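Quick notes on the structure that follows.
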Amino acid sequence: MTSPAASLSAVRVPKWAFAVSVLGLIVTYLVLQENGLALGAGSELLHEFFHDGRHALGVPCH
């Protein structure tokens, strides 16, 4: 009988999957936590868009 560790093979993850994961984390941060610091003061429209999105998702923000 072979050991379970010997029968496991390495899982190959494509490089683009890491890029998609990082992009997803950035978008999640912007939607759920961004309060104007990352987007800057000049993008008030985006800030309000994300702020309203937080309310629509039920995330407490203030």
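Just so it is clear, the model here is predicted, and its values are computed rather than measured. Along the sequence shown, residues are numbered consecutively beginning with 1.
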Taking a hydrophobic cluster as the set of Ile, Leu, Val, Met, Phe, Trp and Tyr residues connected by side-chain heavy atoms closer than 4.5 Å, whether directly or through intermediates, do [X] and [Y] fall within one such cluster?
{"X": "Val22", "Y": "Val13", "value": "no"}
{"X": "Leu25", "Y": "Trp16", "value": "no"}
{"X": "Ile26", "Y": "Phe18", "value": "no"}

Exercise for review: To the nearest 0.5 angstrom, please state how far the OG1 atom of Thr28 sits from the CG atom of Leu23.
Suggested key: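 Thr28 OG1 to Leu23 CG: 9.0 Å, rounded to 0.5 Å.
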